[in-house]
Number of protein chains: 2
Amino acid sequence: MATQTVNHAQKLALVDKTFFDLPPAIADALEQAALTTSYPTGAVLFAEAQASRGVFIVRRGRVKLSICGSDGRTLILRIVNAGCPLGVAAVVSGRQYEATAETQEPSEISFLRHSDLLRLMRLHGELALWVTQHIAQDYAATCREIRDLILSDSASEKLARLLVGWLDQNTTSKYPTQVKLALTHEEIGQMIGSSRETVSRLLAGFKKQHLIQQSGSTLVIPDRLALESLITA
Amino acid sequence: MATQTVNHAQKLALVDKTFFDLPPAIADALEQAALTTSYPTGAVLFAEAQASRGVFIVRRGRVKLSICGSDGRTLILRIVNAGCPLGVAAVVSGRQYEATAETQEPSEISFLRHSDLLRLMRLHGELALWVTQHIAQDYAATCREIRDLILSDSASEKLARLLVGWLDQNTTSKYPTQVKLALTHEEIGQMIGSSRETVSRLLAGFKKQHLIQQSGSTLVIPDRLALESLITA
DNA sequence: AGCGATGTGTGATCCCCATCACCGGCCGGT
DNA sequence: ACCGGCCGGTGATGGGGATCACACATCGCT
């Protein structure tokens, strides 16, 4: 799956962006121990229930985190961007990975072996704290995920929630009412726990009510409040 | 809510049971900083979305961990027994509690303030590791919870899964095919994400199929395999 | 005993959404 | 251009479970 190793100059350029909240000395130590490689779309970094080999850190690209039931149905937990470490909880507790990580687009990913992470954590208390806080963050995100899936058996509510969630990630953009739709209806369905067909139907309904407009792969949400009124309905 | 402080002798008797996997020196330090109190049934230790004040450690009794949606529906994440720390993730990441903790029976609970935990973690690397692993454990448990809720929209499958899960906790007991039913149907419904009525109906159905028998508050599960065959159906 | 609160059993109804089926569009390959 | 895969729309159908509406049991309380 790994196709190409990036050179050292590229590595250094990425340092501050990824480990910006860590002291430089520790960031350097991580760089030394990590192996950064490029992956094509659809590469599986690790799979649910595999024994943990180490942590993966997204340097560039987007990675899909999902869990799947025995019947083959899939739930996408979230899609992470650059800067996010994956598999940390599994490594520090010596368990198996709890989810499957798969690249959504060509990505550069650093890998840090089990033993190297633990060694560095023992060496640098700051790193141990950083790891702990990241796990706590993942825990919180997972709890919120549960809330969103449970508190509404209505699919339209969950879809509306997902859309406004996307808007919230967009505060940096020049067009705060637009979202790039990088997911298929099938994948959207896997994010809100419903079928592809209902996603199609719901989006069609939203368009009919002028809650959203679609041109190509960009969604325009003219009236955010109207969408939000569907939530907690 | 706190009604009574236990005396020092009781404290010492509890030490090894709760912190058995920690070095004695650290366990002692935790004892020094912690405040142990008794709570009646139904006391709320902390509520979802509250700012975190510190961690709670169950010394005796059982505590219900739940999250609730804006419409008032409730999902019980799990019921924890003695020895389990609660609210750790919220404290180390300085966030709000992600769930609500409520005593299910009269319980003794130790409380350790935010600042004291962080201070002790900085002092003892072992403690920091202990905390991290507990959070990772909670994360894994939450992921499994999601799996169980998602992979089956069928309520009977989820109920069957819950029952065999209870059997698994019972390996210590003299009667490995029996479970003490300490929850109401309503609460069971909140554990598997369905209504009280369907739980009643499902249990009635199970009885009719001789998958379970009930005498008073004890459930007998004569044929565990038959129940398991409902899962992944 | 009497009474409220709480937990449980069960019927009737209804609606949301999964599922099946099919079609049309778009794109990439040879 | 032809085809084969993926993606997206949309109708028809059916079922599982939520919800409403009762009746009954149990228990603690004064």
Side-chain angles (χ1 to χ4, degrees), chain A residues 40-42 64 68-69 71-76 102 104-105 149-162 180-209 212-219 230-231 233, chain B residues 40-42 64 69 71-76 102 104-106 149-162 180-209 212-219 230-231 233:
Chain A
T41 300
K64 176 171 72 179
C68 72
D71 59 351
R73 287 160 69 101
T74 295
L75 182 78
I76 298 179
E102 180 184 339
Q104 279 285 102
E105 51 185 64
L149 287 177
I150 297 311
L151 85 79
S152 45
D153 60 353
S154 138
S156 62
E157 196 174 332
K158 285 185 279 191
L159 181 56
R161 207 187 308 279
L162 182 66
K180 262 284 185 55
L181 192 47
L183 269 60
T184 70
H185 288 188
E186 174 98 43
E187 288 171 318
I188 295 176
Q190 291 171 350
M191 294 201 74
I192 65 175
S194 59
S195 69
R196 177 192 68 81
E197 292 94 323
T198 42
V199 173
S200 276
R201 278 187 257 265
L202 286 175
L203 286 178
F206 285 0
K207 279 173 203 161
K208 201 155 292 171
Q209 298 176 256
I212 62 175
Q213 296 152 26
Q214 186 171 7
S215 25
S217 73
T218 52
L219 271 189
L230 287 188
I231 308 176
Chain B
T41 299
K64 176 172 72 178
D71 59 351
R73 287 161 69 102
T74 295
L75 181 78
I76 298 179
E102 180 184 340
Q104 279 285 102
E105 50 186 64
L149 287 177
I150 295 312
L151 86 79
S152 46
D153 59 353
S154 137
S156 62
E157 196 174 332
K158 286 186 277 191
L159 181 57
R161 208 186 309 279
L162 182 66
K180 263 283 184 55
L181 193 47
L183 270 60
T184 70
H185 288 187
E186 174 98 43
E187 288 170 317
I188 295 176
Q190 291 171 347
M191 294 201 74
I192 65 175
S194 58
S195 67
R196 178 194 68 79
E197 291 95 323
T198 43
V199 172
S200 276
R201 278 188 256 264
L202 285 174
L203 285 178
F206 284 0
K207 279 174 204 160
K208 200 156 292 174
Q209 299 176 255
I212 61 174
Q213 295 153 27
Q214 186 171 7
S215 26
S217 72
T218 52
L219 271 188
L230 288 187
I231 309 176

Which heavy atom in B:Glu187 sits nearest to a heavy atom in B:Ala182, and how many Å separate them? OE1-O, 4.4 Å

In Å and rounded to the nearest 0.5 Å, what is the OG to CG distance from B:Ser194 to B:Asp153? 12.0 Å

Roughly how far apart are B:Lys158 NZ and B:Leu202 CG, rounded to 0.5 Å? 10.5 Å

Measuring from B:Ile150:CD1 to A:Leu75:CG, what's the distance to the nearest 0.5 Å? 5.0 Å

Looking at B:His185, does any N or O in its side chain come under 4.0 Å of the phosphate oxygens OP1/OP2 on C:dT6? no

Roughly how many Å is it from CG in A:Leu202 to C1' in C:dC15, rounded to a whole number? 15 Å

List in numerical order all residues of residues 187-198 of chain A for which some heavy atom is under 4.0 Å away from an atom belonging to DNA chain C. A:Gly193, A:Ser194, A:Ser195, A:Glu197, A:Thr198

Taking the side chain as every heavy atom from C-beta outward, state whether B:Leu159 and B:Leu230 have any pair of such atoms under 4.5 Å apart. no

5' to 3' contact window, DNA chain D with chain B (heavy-atom distance under 4.0 Å): D:dG17 to D:dC20

Rounded distance (Å) that lies between atom C1' of C:dA18 and atom CG of A:Asp153: 14 Å

What's the separation between atom CD in B:Glu186 and atom CE in B:Met191, rounded to the nearest 0.5 Å? 13.5 Å

Does A:Ile188 reach the side chain of A:Leu162, with side-chain heavy atoms less than 4.5 Å apart? yes

Atom pair distance, as rounded to whole Å: CG in B:Leu203 and P in C:dG7: 16 Å

Just the rounded figure in Å: distance from P of C:dT10 to NZ of B:Lys207. 9 Å

How long is the line joining CD1 of B:Ile150 and C1' of C:dC17, in whole Å? 15 Å

Would you mind reading off the distance between A:Arg201 atom CZ and C:dC16 atom C1', rounded to a whole angstrom? 11 Å

Between atom CG of A:Leu183 and atom OG of A:Ser217, what is the distance when rounded to the nearest 0.5 Å? 11.5 Å

